[in-house]
There are 2 protein chains.
Amino acid sequence: MSTAPEGYDPHAFVPFAVTVDLAVFTVREGRLHVLLVERGEAPYEGHWALPGGFVLPRESAEEAARRELAEETGLTRRSSRAFHLEQLRTYSDPDRDPRMRVVSVAYAALVPDLPEPRGGGDAARARWWETGRTGPLAFDHDRILSDAHDRIGARLEYTCLATAFCPAEFTLGDLQQVYETVWGVELDRPNFRRKVLTTPGFVQAAEGPPRRTGGRGKPAALYRAGAATALHPPLLRPEGRREGRTP
Amino acid sequence: MSTAPEGYDPHAFVPFAVTVDLAVFTVREGRLHVLLVERGEAPYEGHWALPGGFVLPRESAEEAARRELAEETGLTRRSSRAFHLEQLRTYSDPDRDPRMRVVSVAYAALVPDLPEPRGGGDAARARWWETGRTGPLAFDHDRILSDAHDRIGARLEYTCLATAFCPAEFTLGDLQQVYETVWGVELDRPNFRRKVLTTPGFVQAAEGPPRRTGGRGKPAALYRAGAATALHPPLLRPEGRREGRTP
DNA sequence: TCCCTTAATGGTCACCCTGACTATAAAGAA
DNA sequence: TTCTTTATAGTCAGGGTGACCATTAAGGGA
């Protein structure tokens, strides 16, 4: 027999819990970091996990993710609106949570370098972890984090969202470091510069004088994110390690 | 206050129904078609909808989608395993179903030209519709279908999955027609040929003689899908209409 | 102060891929 | 046979990119 299409047969109704999980990425000091929270109870007590929570009765998964993002980053809902948030995929293995049937919609968020998350809340302990240096995470969060990293790396090739990792004003060096950090490769600086500047709408020159980095070397010009969202032609990463899985 | 991360507070549990919706695409006679079922009851009675159904208590969304695909196409579970099935995204607007809170995980399936779906089952009436000629669909299925079409078009650029629309053996003309149909553009035949043949693993020559199409013109050589899944460099569609949204 | 180091910026050049196009081969139809 | 149709082979110029080299503008140290 076939199940009724799109939820018609009330007898077939099965209750699930629906949650969102967030992979919040940032680039700090040339290394990719992700926001994790420490679990305070079983299962996986003491393990670290992606922040997340239940979808409330009258909100969409996107709204739930936006709400969690604001809570975890300690920023107001308004300012967290500016962060790039994108749905990744949904994880629904029946045994992914030992307590009950939980279907989780995963999101990736890209934020500029923020201060440490507020520590004193009622939420569990939260901090930034360098990707690749996290221990085994709770539930299937290692898988989610890996998928999220892959996705972000691929998105950098075809979209302009690398600027989402940068503050309002940034140098081309900052932007290049985003690519190098997420991809784990080194790029040629003049070539990267040419590609970015010849792509209309990727960045726009910021008014005002160049900033002084405090370091040595010629000071770099400042730019702001442009209006473009797509990158044509794409900015393909160098040969070698691609995302292996192309499901 | 913040909700507990990843489903900790049992009081926050809210029951949802979780379903899958399928956008099953095929190419027939040079036009893109999608499989729809007619609704037999309210709401949206008489409207057409994407096939789908509830996720059962002990299966993942992927398994539910695979099961529905087998049921709707009238093929055995085993042979439907071969079809390309890929998760699109999850739709969770609180009001997307007027009866209850339903979160739906959408999948896209690519199948070769199949016979008409079995008509005499207990399921609602099902048939292939040419995309763009469907009336308003039930629920938010117009949106899902549009998103699915966009995604498939983008995937053709970076992956080899165009072969998923083709039978086991196909000509380069067949493959080119897949691209032209999904993208809605015309491609230069020698250039397309060059691109496909110089991409290692995209296609492999089939043994045996060329087929006769029954039509006129020089018979074309037959190929099979290769082992490659990704397309580097990508096969970008001609200038012009891109997927507008790049969220 | 002068020189060295560092980093940003500017520019060159060859190669590869692509789009546009022409030519040839092999079939059916008139 | 001759024309039409379709597949296949090949040419050629331009764009984009990778690999370089050169120049500018800052700080640091002798």
Side-chain angles (χ1 to χ4, degrees), chain A residues 29-30 156-158 160 166 169-180 183 185-206 208-223 228 230-240 242, chain B residues 29-30 156-158 166 169-180 183 185-200 202-206 208-223 228 230-240 242:
Chain A
E29 300 162 4
L156 290 192
E157 294 190 316
Y158 313 116
C160 297
C166 298
E169 295 197 332
F170 54 87
T171 70
L172 294 185
D174 296 335
L175 193 64
Q176 179 175 346
Q177 195 173 56
V178 169
Y179 277 89
E180 292 178 333
W183 286 349
V185 300
E186 290 205 341
L187 302 178
D188 180 81
R189 197 176 281 269
N191 290 342
F192 179 83
R193 173 188 188 77
R194 176 182 59 192
K195 175 64 180 177
V196 172
L197 292 183
T198 60
T199 299
F202 195 167
V203 298
Q204 57 186 20
R211 77 172 179 191
R212 54 178 60 251
T213 65
R216 43 199 176 290
K218 182 176 177 177
L222 290 175
Y223 294 86
L231 213 51
H232 291 288
L235 174 47
L236 298 177
R237 74 189 90 180
E239 289 303 319
R242 298 272 167 201
Chain B
E29 299 163 4
L156 289 192
E157 293 190 317
Y158 312 116
C166 297
E169 296 197 330
F170 53 87
T171 69
L172 295 185
D174 296 336
L175 192 64
Q176 180 175 346
Q177 195 173 55
V178 169
Y179 277 89
E180 293 178 332
W183 286 350
V185 299
E186 288 203 343
L187 301 178
D188 180 81
R189 195 176 282 269
N191 289 342
F192 178 83
R193 174 188 187 76
R194 176 182 58 193
K195 175 65 179 175
V196 172
L197 291 183
T198 62
T199 299
F202 195 169
V203 298
Q204 57 186 21
R211 77 171 179 191
R212 53 180 59 252
T213 65
R216 46 203 174 289
K218 180 176 176 177
L222 290 176
Y223 294 86
L231 213 51
H232 291 288
L235 173 48
L236 298 175
R237 72 188 92 180
E239 288 302 319
R242 296 273 166 203

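Atoms considered below: every heavy atom in the structure, side chains included; atoms not considered: hydrogens, waters and symmetry mates. The chains referred to below are lettered A, B, ... by the order of the sequence lines, with proteins before strands, and numbering in each begins at 1.
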Once you round it to whole Å, what is the distance between C1' of C/dG19 and CZ of B/Arg189? 17 Å
Between A/Pro200 and A/Ala228, the two heavy atoms sitting closest are O-CB, 3.5 Å
Closest to side chain of B/Lys218, choosing from D/dT6, D/dA25, C/dT9: D/dT6
Rounding to an integer number of Å, can you tell me how far B/Arg216 CZ sits from D/dC3 P? 17 Å
Taking side chain as C-beta onward, heavy atoms only, is B/Phe170 less than 4.5 Å from B/Val203? yes
Letter per nucleotide, 5' to 3', of nucleotides 15-22 of chain D [B base touched, S only sugar-phosphate touched, - untouched; heavy atoms, 4.0 Å]: -SBBBBB-
Roughly, in whole Å, what's the span from CZ in B/Phe170 to P in D/dA7? 14 Å
Kindly say if B/Arg193 contacts the phosphate of D/dT8, meaning a side-chain N or O under 4.0 Å from OP1 or OP2. yes
Residue pair A/Pro233 / A/Lys195, side-chain heavy-atom distance below 4.5 Å: yes
Over how many whole Å does the gap from B/His232 atom NE2 to C/dC17 atom C1' extend? 15 Å
Report the residues that fulfil side-chain contact (heavy atoms from CB on, under 4.5 Å) with A/Glu180, sequence neighbours left out, ordered by chain and then residue number. A/Gln176, A/Glu186, A/Leu187
Residue set satisfying ring-ring contact (aromatic ring centres under 6.0 Å, His included) with A/Tyr223, at least two apart, ordered chain then number -> none
Here the distance between atom C1' of C/dA8 and atom CZ of A/Phe192, to the nearest Å, is 14 Å
Specify the separation, in whole Å, of atom CG of B/Leu187 and atom P of C/dC21. 15 Å
Gap between atoms CG and C1', on A/Leu197 and C/dT9 respectively (whole Å): 10 Å
Shortest non-hydrogen contact from B/Leu231 to B/Phe202? CD1-CD1, 3.7 Å
